[in-house]
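Here's the structure, in structure tokens; my notes come after.
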Amino acid sequence: TLAAINLAWEKGATAVEIDVYLTRDQKIILSHDKSTLRCSGVDLQIAETDSDELRKLDVGKHKGDQYAGEKMPFFQDVLATIPAGGKILCEVKCGPEILPHIGDLLSASGKRSQVAIISFNLDVVTQSKKQMPDVQAYWLQMTKRDPETNQWLPYEEDRLIQTALDNGLDGLDLHYAMVTKEFADKIRAANLALWTWTVNDPAEARQQMELQPDGMATDRCAWMREQLR
């Protein structure tokens with residue numbers, strides 16, 4: 001919601017991560033889930049619903065009365081909040097059909113250089129780079145767990161780096177578990193950016209800082225900054 005995004009800027013976040021979908025009437029709207037059920041109590045599939053209907057929902061009240069009346073924001077409304085020096089990491093949760101619409105809104109906003117496209121979908125970030133070569137594109141990846149021990153499994157480091165290079169991507173956006181110093185150094189040596197997510201433990205954050213990532217995501221930006229100081 002805009003309330004969440006503006007709160008992040010107020011607390012000194014230098015970047016904000018958002019999730020976007022394309023609605024039935026070809027508008028870009030923010031949501032983590034493909035359904036509106038969890039945040040509004042009404043079960044609508046975003047891809048099958050017009051934006052006017054989606055905008056009637058209250059997606060703030062479930063977080064507290066002070067957020068009652070919050071609507072699902074349009075992408076252009078979020079772009080308007082970006083301060084000087086701020087950055088939006090825009091996670092595409094649908095397919096590459098949304099990319100021309102993103103490109104149009106970025107051009108209209110004048111803030112193309114302050115937005116990066118991220119996605120777990122390799123086709124999305126690859127197509128994004130082809131359609132908008134001036135806009136950064138990072139491939140999202142998450143480590144897997146061993147089904148027997150529940151321990152994190154190592155990344156396929158060389159495969160991830162080579163795939164990013166082969167597709168002309170700007171970097172990798174990785175779940176922090178198993179991002180080792182060696183892996184971080186390999187990524188930098190390949191001239192790729194490294195972002196890590198989501199680090200909410202100060203001890204883990206200090207370890208991540210030693211890897212010198214280009215960005216590190218946390219749910220508690222002001223608190224974490226104080227802990228690191």
Side-chain angles (χ1 to χ4, degrees), residues 13-22 26-32 34 47 75-76 78-79 82 84-144 153-199 208 211-217:
T14 53
V16 172
E17 190 262 356
I18 63 172
D19 301 321
V20 297
Y21 287 90
L22 195 63
Q26 306 292 286
K27 303 294 184 183
I28 303 174
I29 209 160
L30 267 68
S31 178
H32 177 276
K34 62 183 178 181
F75 183 50
Q76 60 266 33
V78 176
L79 295 177
I82 308 175
K87 189 179 186 76
I88 287 285
L89 268 65
C90 176
E91 181 180 349
V92 172
K93 301 290 287 264
C94 53
E97 67 276 0
I98 198 174
L99 295 173
H101 303 279
I102 289 177
D104 289 344
L105 292 174
L106 289 181
S107 294
S109 73
K111 296 182 178 181
R112 290 175 74 94
S113 64
Q114 293 179 269
V115 176
I117 304 300
I118 62 176
S119 182
F120 285 99
N121 185 328
L122 180 59
D123 190 37
V124 165
V125 284
T126 299
Q127 289 300 319
S128 178
K129 202 62 194 169
K130 289 178 179 177
Q131 295 180 33
M132 300 177 283
D134 60 313
V135 176
Q136 292 176 320
Y138 309 139
W139 190 22
L140 275 167
Q141 287 289 288
M142 183 174 185
T143 43
K144 297 178 181 178
L153 297 172
Y155 279 110
E156 297 178 61
E157 299 177 3
D158 294 338
R159 180 184 69 83
L160 293 183
I161 291 171
Q162 194 58 52
T163 300
L165 293 173
D166 290 345
N167 289 280
L169 305 181
D170 297 288
L172 296 169
D173 191 356
L174 306 174
H175 185 264
Y176 72 89
M178 304 307 292
V179 178
T180 63
K181 179 71 163 59
E182 179 186 26
F183 190 17
D185 289 345
K186 280 185 183 180
I187 293 169
R188 267 191 297 276
N191 291 317
L192 294 170
L194 169 63
W195 289 66
T196 60
W197 57 273
T198 296
V199 186
Q208 289 293 303
L211 306 182
Q212 298 180 318
D214 296 276
M216 180 178 68

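- One finds the CD1 atom of I88 at 10.5 Å from the CD1 atom of I117 (value rounded to the nearest 0.5 Å).
- In this structure a side-chain-to-backbone donor-acceptor pair under 3.5 Å is missing from W139 to A164.
- Using a 4.5 Å cut-off on side-chain heavy atoms (C-beta onward), L169 and Y138 make no contact.
- Note that the CG atom of L89 and the CG atom of D19 stand 10.5 Å from one another [nearest 0.5 Å].
- Using modelled atom types, one side-chain atom of E97 and one backbone atom of G95 make a donor-acceptor pair closer than 3.5 Å.
- Considering only heavy atoms from C-beta on, I82 comes within 4.5 Å of V115 through its side chain.
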Residues E17, D173; criterion side chain to side chain contact (heavy atoms under 4.5 Å, CB included); working and verdict: CA-CA 11 Å; E17 190 262 356; D173 191 356; 5.9 Å; no

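- When all heavy atoms of G103 and R112 are compared, the closest pair comes out as O-NH1, 3.4 Å.
- No side-chain heavy atom of L153 sits less than 4.5 Å from a side-chain heavy atom of T143.
- Across all non-hydrogen atoms, the minimal contact from P154 to M178 is CA-CE, 3.9 Å.
- Side-chain contact check for Q162 and D166: at least one donor-acceptor pair (N or O, by modelled atom type) lies under 3.5 Å.
- Here the closest heavy-atom approach between residue K129 and residue A137 is recorded as CD-CB, 4.2 Å.
- Residue C94 comes nearest to N121 through the heavy atom pair O-ND2, 4.3 Å, listed as atom of the first residue, atom of the second, then distance.
- At distances below 3.5 Å, at least one donor-acceptor pair connects side-chain atoms of K93 with backbone N or O atoms of H32.
- Using a 4.5 Å heavy-atom cutoff, the side chains of V125 and N167 are not in contact.
- For the atom pair E91 CD and I118 CD1, the distance stands at 5.0 Å (nearest 0.5 Å).
- Note: Y155 and F183 have tilted aromatic rings, judged against thresholds of 30 and 60 degrees for the angle between ring planes.
- Q212 has its side chain out of reach of L194: every pair of non-hydrogen atoms, C-beta onward, lies at least 4.5 Å apart.
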Between K186 and D158, is a side chain to side chain contact (heavy atoms under 4.5 Å, CB included) present by the stated rule, with each step listed? CA-CA 8 Å; K186 280 185 183 180; D158 294 338; 3.2 Å; yes

Side chain to side chain contact (heavy atoms under 4.5 Å, CB included) between H175 and W197, intermediate numbers included: CA-CA 5 Å; H175 185 264; W197 57 273; 3.6 Å; yes

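- The shortest heavy-atom contact between I98 and L22 is CD1-N, 3.8 Å.
- Counting only heavy atoms from C-beta outward, the side chains of Q76 and I28 never approach each other to under 4.5 Å.
- Within the 4.5 Å cutoff, side-chain heavy atoms of K181 are placed close to those of D185.
- In this structure, the separation between NZ on K111 and CG on L105 is 13.0 Å, given to the nearest 0.5 Å.
- With hydrogens and angles ignored, the 3.5 Å screen pairs no side-chain donor or acceptor of S128 with any backbone N or O of V124.
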Apply side chain to side chain contact (heavy atoms under 4.5 Å, CB included) to the pair E157 and T180, showing each step before the final yes or no. CA-CA 10 Å; E157 299 177 3; T180 63; 3.9 Å; yes

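- Looking at S119, its side chain does come within 3.5 Å of a backbone N or O of V92 through a donor-acceptor pair.
- From F120, atom CZ reaches atom CE of M142 across 7.0 Å, with rounding to the nearest 0.5 Å.
- Across every non-hydrogen atom of C90 and F75, the tightest pair is SG-CE1, 3.9 Å.
- With hydrogens and angles disregarded, a donor-acceptor distance shorter than 3.5 Å links the side chain of S109 to the backbone of L106.
- In this structure, V20 and V78 have side chains that are not in contact, with every pair of non-hydrogen atoms separated by 4.5 Å or more.
- In this structure, the separation between NZ on K130 and CG on L99 is 12.0 Å, given to the nearest 0.5 Å.
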